[in-house]
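Structure first, commentary second.
Each residue takes its place number in the sequence, starting with 1.
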Amino acid sequence: MKTLFAGSALALVLCAGTAYAEDTSACLITKTDTNPFFVKMKEGASAKADELGIELNTYAGKIDGDVETQVAAVESCIAAGAKGILITPSDSRALTPVVGKAREAGLLVIALDTPFEPIDAADATFATDNFLAGELIGKWAAAKMEDPSKAKIALLDLNPSQVSVDYLRDNGFLNGFGIDIKDPTKMGDEDDPRIVGNDVTNGNEEGGRTAMENLLQKDPEVNLVYTINEPAAAGAYEALKAVGLEDQALIVSVDGGCPGVRNVEAGVIGATSMQFPLKMASMGIEAIKAFADSGEKPQASEGLEFTNTGVELVTDQPVDGIPSITSQEALEKCWG
């Protein structure tokens, strides 16, 4: 396996090499190489590539939203003659032209976790049902609150680009909670008075803390916090704790990383939706191998436009009618 870290000028560093057949190679391009979700994704892809005898080159953006680096990485994969690309697009619209170039060059392009827009810009998508992931935590939150009509909701999203994974989770949560969503491909256009506001986190703890501070300034009585992922949830909790409001607000999230599951166990997060990045990446490598061997392309799950890699609600406060697993059970399945 070759591990390549892509900077703005695509400075590539060769970390390890193994002799494989030159005509069987693949690329994994993630949003960052620091988020535990993408670390686990890389682990799954690397293990499966080693098992199947595929040379794997991996690239990562510097931060979530680093489109330039991902574009350069795709172009490098085309030039290297890779058989396929697995990519978690930082911007599901802006990267569509360059993956189109890859497909025209004969590469199989599979989106992981974040669908392209349109979704058929890639040959296939292996992902969590992100709308369902949001819907599960929304339904759970509505069931747990004594009076959902008195909710004051802070929505901590990803970034201003409003990529598909971002609006799917956000709108899924609102739908599950019982709030009317307007355009299902946008965030922040709702008119429900229970929504205090939206802010962005870049999917990390620092961003979650800052976004929570901003929304508390708008309304210090926030009692329900939705976050795009668990690092953002951890930051939101720290912001609430700093002003003595950690017991006022219920926090829900999406991810299923081990730190997030431990935060469910500790009561920091009330519930989270677990997804399976290792499975996504392993399936992606298997699909590239099948394509290299036979030209076969993967098929979507029945009734969906993508291959559903599963989601489970994790909480130690179960509610009737919403299937869930406990934090102890989730610790056997978590990642990071």
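- Without hydrogens or angle criteria, Trp140 side chain to Gln317 main chain gives a donor-acceptor distance under 3.5 Å.
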| request: Please step through side chain to side chain donor-acceptor pair (under 3.5 Å) for the pair Thr114 and Lys31, ending with a clear verdict. | output: CA-CA 10 Å; Thr114 304; Lys31 296 177 184 178; 2.9 Å; yes
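- Annotation for Asp147: atom CG counts as buried by contact number, over 12 foreign heavy atoms lying within 6.0 Å.
- Side-chain N/O atoms of Asp66 and Thr69 include a donor and acceptor closer than 3.5 Å.
- In this structure, a donor-acceptor pair under 3.5 Å is present between the side chains of Ser92 and Glu117.
- For the pair Asn171 (side chain) and Tyr167 (backbone), a donor-acceptor distance under 3.5 Å is present.
- With respect to the salt-bridge test (charged N to carboxylate O, under 4.0 angstrom), the residues Lys83 and Asp123 do not qualify.
- Around atom CD of Glu206, no more than 12 heavy atoms belonging to other residues, nucleotides or ligands sit under 6.0 Å away.
- Using a cut-off of 4.0 Å between Lys/Arg side-chain N and Asp/Glu carboxylate O, Glu265 and Arg262 are scored as not salt-bridged.
- A pairwise comparison of heavy atoms in Asp33 and Val39 identifies O-CG2, 3.7 Å as the closest pair.
- The shortest heavy-atom contact between Ala102 and Val74 is CB-CG1, 4.1 Å.
- Atom NZ of Lys139 is surrounded by 12 or fewer heavy atoms from other residues, nucleotides or ligands within 6.0 Å.
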| said: Let's go through Glu51 and Lys48 carefully: what are the C-alpha distance in whole Å and the side-chain angles of both, what is the deciding distance for salt bridge (Lys or Arg N to Asp or Glu O under 4.0 Å) to 0.1 Å, and is it a yes or a no? | reply: CA-CA 5 Å; Glu51 177 188 329; Lys48 185 59 67 172; 3.2 Å; yes
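- When all heavy atoms of Trp335 and Pro259 are compared, the closest pair comes out as O-CD, 4.1 Å.
- Side-chain atoms of Arg194 come within 3.5 Å of backbone atoms of Pro148 as a donor-acceptor pair (strictly under, hydrogens ignored).
- Salt bridge absent: Arg209 and Glu213 never bring a charged side-chain N and a carboxylate O closer than 4.0 Å.
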| Run the side chain to side chain donor-acceptor pair (under 3.5 Å) check on Asp316 and Ser327 step by step: do they pass? | CA-CA 6 Å; Asp316 289 332; Ser327 61; 2.7 Å; yes
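- Thr201 contributes a side-chain N or O that, together with a main-chain N or O of Asp157, makes up a donor-acceptor pair within less than 3.5 Å.
- A salt bridge is defined here as a Lys NZ or Arg NE, NH1 or NH2 lying under 4.0 Å from an Asp or Glu carboxylate O, and Lys40 with Glu43 meets this definition.
- Under a 3.5 Å cut-off, the side chain of Ser253 and the backbone N or O of Asn229 do form a donor-acceptor pair.
- By the rule that hydrophobic residues join a cluster once side-chain heavy atoms approach within less than 4.5 Å of another member, Leu86 and Phe126 end up as members of one cluster.
- Under the 3.5 Å distance criterion, the side-chain polar atoms of Arg169 are matched with a main-chain donor or acceptor of Ile228.
- Ile269 and Leu224 end up in different hydrophobic clusters when Ile, Leu, Val, Met, Phe, Trp and Tyr side chains are linked at under 4.5 Å.
- Other residues, nucleotides and ligands place no more than 12 heavy atoms under 6.0 Å from the CD atom of Glu305.
- The pair Lys182-Asp180 meets the salt-bridge criterion, with a side-chain N (NZ, NE, NH1 or NH2) lying under 4.0 Å from an Asp/Glu carboxylate O.
- Of the possible donor and acceptor atoms, none in the side chain of Asn263 sits under 3.5 Å from a partner among the backbone N and O of Val268.
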| What do the steps show when you test Asp183 against Thr185 for side chain to side chain donor-acceptor pair (under 3.5 Å), and what is the final call? | CA-CA 5 Å; Asp183 185 336; Thr185 66; 2.8 Å; yes
